[in-house]
Amino acid sequence: MSALYGGSGEASNYEYVIARVASRRAALFDADDYRKLVRMGTGEIARFMEESEYEAEMNALGARYSGVDLIEYALNRNLAKHFNDLLRWADGRLYDYIARYLRKFDAWNVKTALRGIYSDAGADAIQSDYIRAGEFDDDLLDQLSTLDTVPAAVELLESTMFGDGLEAALEDHEETGLLVPLENAVDRAFFEDIDEGLPSRERAGRATELYLDFITTEIDFRNVRNALRLARSGAGMDPAAYYIDGGTLFSPDELNQLVNNTDQLIEHIRESSYGEDLSDALDELADADSLIDFEHALDTALLEFADTLANRYPVSVLPVLSYVLAKEREVDNVRAVARGREAGLDPDEIETELVIQ
Amino acid sequence: MIDPTTLFAVVLQNNSTAPVVTSDPAMPAAAAAALTVGLAALGAGYAERGIGAAAVGAVAEDDDMFGRGLILTVLPETQVILALVVVFLVAL
């Protein structure tokens with residue numbers, strides 16, 4: 001598949017996009033804002049958001065929803081707006097890189113739809129959970145949300161990049177009745193497609209090389225997370241089915257061996273090139289046995305890594321990707337705060353759930 | 001590939017028919033000075049391309065950046081002013 005949308009002849013406008021991204025990045029909530037947020041009730045959080053970045057979305061949705069739902073939908077819509085802006089600004093190669101990366105929201109939307117259909121959530125519920133920042137157009141997404149059965153959804157998605165993987169996983173799904181094989185197929189299709197058609201690392205220009213570095217890191221982190229989850233829950237699942245190709249940290253064989261032995265797995269990560277960044281998190285994991293803390297540490301490390309790369313190569317696609325990650329994290333954080341407050345958790349407890357740089 | 005030295009020889013000895021040893025300058029002083037300013041302006045223009053794009057991006061996000069963006073955008077223009085000095089030194 002040739003995945004050049006912007007037209008290869010057009011020059012990239014890195015300077016323009018990066019200046020705008022830098023400005024939006026500075027507008028993200030910082031640690032102080034979160035400290036304030038975790039002490040607020042849901043109404044106060046909504047008001048706080050109304051006075052910030054999220055004003056337009058809060059006003060648009062305020063009449064239809066309230067409470068945590070309002071916050072959640074405003075967050076999703078704001079996320080989609082910002083990421084569509086990125087695509088609107090970018091030209092040439094830069095557009096291509098960003099568009100490839102934002103397909104992660106196609107993956108997200110497909111998973112949302114599958115989950116919704118599986119649990120009979122109804123078209124409205126599915127549609128309001130979509131993040132419309134990917135490549136799928138509104139028609140396809142709306143059509144997807146109205147379907148009744150999972151096989152019908154798989155059939156509709158046949159012509160998309162997820163088609164082959166989903167079809168193969170459908171059998172597994174029908175045997176086990178679980179959604180996991182389908183969701184996993186979606187993730188794998190996304191990561192396999194992300195460097196499709198790009199030149200190999202040896203022949204790539206500097207810009208492509210940096211993009212590939214970033215993707216490799218993300219795949220590695222994803223593999224680490226899957227490996228640890230498997231090592232923890234184990235339960236006779238086939239590790240190869242969860243392995244995402246393209247990382248440098250594990251080979252499939254290594255992963256197969258390591259999931260059976262958590263200590264060896266941790267040792268393997270510690271000795272890898274990520275060892276230094278993750279050493280604190282790994283110590284914690286070995287001591288406390290808390291997977292959630294480790295996953296948060298993993299997220300923080302990925303954010304920091306993206307930031308380091310963005311600082312090192314300011315005129316490249318990396319600042320944009322780093323912003324995408326940071327914005328996603330902000331949305332996750334605010335959602336966690338709102339949900340946590342609604343459930344009556346106390347501030348300290350919520351704060352441990354947040355990923356703050 | 002044309003060897004750069006031959007190219008220069010052609011340009012520089014434009015009107016001379018035979019390889020004569022002469023102390024005539026390659027081009028009139030005024031033309032050389034004009035070329036200097038032109039090249040400097042070209043360089044400045046190229047530099048301003050990137051800075052201007054970034055400045056417009058910054059202004060689009062935040063109007064207060066207009067002043068700062070303008071100043072940064074025209075900074076490379078100082079190179080042209082320096083090149084202009086050459087005109088006064090050489091051509092006048």
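The basis for the numbers below is simple: all heavy atoms, side chains too, and nothing from hydrogens, waters or symmetry mates. Each chain gets a letter, A, B and so on, in the order its sequence line appears, and its residues count up from 1.
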**OP:** Under 4.5 Å, counting heavy-atom pairs only, tell me which of B/A58, B/G52, B/A60 racks up the most with chain A.
**Re:** B/A60
**OP:** Return the minimal non-hydrogen interatomic distance between A/A19 and B/A54, and the atom names on each side.
**Re:** CB-O, 3.1 Å
Compile the donor-acceptor pairs, distance criterion under 3.5 Å only, formed between chain B and chain A.
unit_1: B/R49; atom_1: NH2; unit_2: A/E15; atom_2: OE2; d: 3.1
unit_1: B/E61; atom_1: OE1; unit_2: A/R24; atom_2: NE; d: 3.0
unit_1: B/E61; atom_1: OE2; unit_2: A/R20; atom_2: NE; d: 2.9
unit_1: B/E61; atom_1: OE2; unit_2: A/R20; atom_2: NH2; d: 3.0
unit_1: B/E61; atom_1: OE2; unit_2: A/R24; atom_2: NE; d: 3.0
unit_1: B/E61; atom_1: OE2; unit_2: A/R24; atom_2: NH2; d: 3.1

Original post:
Do any of residues 29-43 of chain B have a heavy atom less than 4.5 Å from a heavy atom of chain A, and if so, which, in residue order?
Top reply: none
